[in-house]
Amino acid sequence: MMMMEGSLLRITLTLLLSLVTIHPPPNFCTAHSDSEVRCIESDRHALLNFKHDLLDPSNRLASWASDMDCCDWVGVLCHNVTGHILQLRLKSFPPLYDKFTINDDAHWDAQYEAYERSVFGGKINPSLLDLKHLIYLDLSFNYFNGTQIPKFLGSMESLRYLNLSSGGFGGLIPHQLGNLSNLQYLNLGFDYFESNNLYVKNLQWLSGLPLLQHLDLSYVNLSQASNWLQDINKLPSLSELRLSYCQLSRFIPPPIPSINFSSLTTLDLSFNYLQNTSILFWVFDLHNLVSLDLSQNQFQGPIPVHLQNLTSLRHLNLYDNSFNSSIPNWLYSFSHLELLNLGFNNLQGTISSAIENLTSAISIDLSGNELEGKVPRSLGNLCNLREIRLSLNKWSQEISEIFESLSGCVSNGLELLEMDNAQLSGHLTDDLGQFKNLVILSLGSNSISGPIPWSIGNLSSLRSLDLESNQINGTLPQSFGQLSKLESLYIGLNMLKGVVLEVHFANLMRLKRLVASQTQLTLEVSDNWTPPFQLNHLDLGS
């Protein structure tokens with residue numbers, strides 16, 4: 001087994017697990033009486049043969065026994081009248097990244113090892129061809145050790161849903177999949193294992209899938225498919241297209257007479273290093289687009305003005321490019337926008353007060369730019385906003401002003417505030433206590449001074465607090481002991497001093513990481529004190 005890639009894959013993993021609705025919805029049976037129809041005998045034998053060639057190290061298919069009704073087997077769904085098998089759901093479930101949980105390495109490794117022990121492997125037996133009524137097949141997040149996707153899957157004419165994503169397959173994707181004329185959902189993408197090396201020579205076979213609504217080829221090598229855009233343009237029903245990390249930069253698609261993507265609502269072209277925004281000529285005409293991901297493509301210059309045509313956008317991700325303009329004024333008029341990620345570009349200038357027009361915004365990421373000036377007070381009027389990331393900019397502002405700017409309705413629901421390394425100064429004030437739903441607060445590597453206010457204890461939802469590398473002085477308030485959900489605490493490299501008592505840790509039962517190096521705090525506890533937490537990372541250096 002190959003270990004998974006870095007945390008970036010963990011973050012993007014949740015973007016690649018969406019499902020399509022199959023119409024009409026089939027009727028399923030999950031239990032039987034003696035008078036009810038049971039599964040077809042030929043279907044039972046087909047599944048037993050399929051199981052014979054599978055590797056099942058954790059015995060997940062223990063229920064697949066010859067003396068049991070196969071409609072009661074794990075992962076099997078049958079029609080409640082005919083008894084024919086309609087769905088085979090054998091997906092494995094890897095650990096997922098949770099941005100609100102401190103995923104320490106030891107815990108993650110344990111979860112991943114458990115996942116590795118549970119995945120299916122081996123071979124896919126052609127006996128699946130005997131399941132004539134199968135419309136749904138999900139073998140995703142298993143590990144088939146680099147074997148080629150079986151050509152015979154292209155003969156399963158009833159399939160409407162096929163998900164082989166992160167299945168550990170390799171080699172050439174068989175063009176026979178183009179024979180699945182009833183297919184609505186096809187997911188062959190996302191490289192959860194480093195060993196995946198799926199590729200295509202062309203995508204002409206897609207023309208045989210006129211009903212396809214969801215196509216995910218993320219991490220499939222398309223560098224030989226010079227006509228990828230023209231071939232995908234032959235899918236009139238397509239609503240979701242994901243081509244992340246497909247090595248598309250080799251061929252710049254020529255203009256095509258007409259774009260047939262009138263139904264397209266989701267487009268992911270991230271991690272393709274396209275560099276030149278001219279490749280996006282066809283994207284600017286997708287007026288029904290709801291989600292657009294162009295992150296990590298090395299685009300330069302200003303943010304393309306033609307993006308203003310996409311007025312239906314709810315998710316716009318331009319993360320980690322080299323855009324070097326100011327934030328364009330037209331962007332502030334996108335009232336439907338829920339997620340805006342402009343992080344890690346070279347954007348300059350200030351944030352306009354017109355940002356209050358983004359009334360639907362839930363998450364705004366402007367971190368890692370050259371923005372300056374002040375965070376506008378109008379940001380506090382975005383009542384739906386849950387996440388604000390403004391780190392690694394040049395705000396040159398007092399932290400008390402930031403808290404005051406965010407004291408509007410945004411303070412009621414704000415869950416994440418990241419402003420580390422943002423040239424902030426001034427004192428922490430009791431206004432901090434108004435953000436009662438904060439889960440993550442990151443203010444590290446600034447010039448914040450003064451004591452930590454007692455109101456810190458009001459942040460009852462807080463899981464991660466980073467105040468490291470500031471000039472904070474005074475002692476640690478005993479209200480810290482009220483933070484019962486705190487998992488990670490970074491207060492090192494400050495001017496803190498005084499005594500830390502048992503009461504400071506009274507309810508910190510979930511604490512996993514504590515960094516208090518280079519402070520003058522003194523720990524005074526009884527000889528028989530047992531901490532209510534179990535740390536996996538402790539730094540008390542100097």
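Only this structure's heavy atoms are used, side chains among them; waters, hydrogens and symmetry mates stay out. Nothing here was measured: the structure is a model prediction, and the numbers come from that model.
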Open item on the list: With side chain to side chain contact (heavy atoms under 4.5 Å, CB included) as the criterion, how do Leu274 and Phe299 come out once you've worked through the C-alpha distance, each side chain's angles and the decisive distance to 0.1 Å?
Closed with: CA-CA 7 Å; Leu274 299 172; Phe299 291 134; 3.8 Å; yes
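Listed by chain and number, the residues in a ring pair (Phe, Tyr, Trp, His ring centres under 6.0 Å) with Phe120 amount to none (sequence neighbours excluded). The salt bridge (Lys or Arg N to Asp or Glu O under 4.0 Å) test applied to Asp231 returns Lys234, not counting sequence neighbours. By the ring pair (Phe, Tyr, Trp, His ring centres under 6.0 Å) test, Tyr332 is found to be paired with no residue, residues two or more places apart in sequence or in another chain being considered. Residues satisfying the ring pair (Phe, Tyr, Trp, His ring centres under 6.0 Å) test with His306, not counting sequence neighbours, are Phe284.
Enclosure of atom CD in Glu157 is not indicated, since only 12 or fewer non-hydrogen atoms of other residues, nucleotides or ligands lie within 6.0 angstrom. In Arg44, the CZ atom is crowded: over 12 heavy atoms of neighbouring residues, nucleotides or ligands sit closer than 6.0 Å.
Listed by first and then second residue, the side chain to side chain donor-acceptor pair (under 3.5 Å) pairs involving residues 120-132 are Asp53-Asn125, Asn125-Ser127 (not counting sequence neighbours). Residue pairs meeting the ring pair (Phe, Tyr, Trp, His ring centres under 6.0 Å) criterion with at least one member in residues 38-59: none, sequence neighbours excluded.
Remark: the Asp320 side chain and the Ser295 side chain contain no N/O donor-acceptor pair separated by less than 3.5 Å.
Judged by a 6.0 Å distance limit and a 45° cone about the ring axis, Arg160 is not positioned over the six-membered ring of Tyr136.
Classification of the Phe190-Phe141 ring pair by plane angle, with boundaries at 30° and 60°, yields tilted.
Between Cys39 and Cys70 the SG-SG gap is short of 2.5 angstrom.
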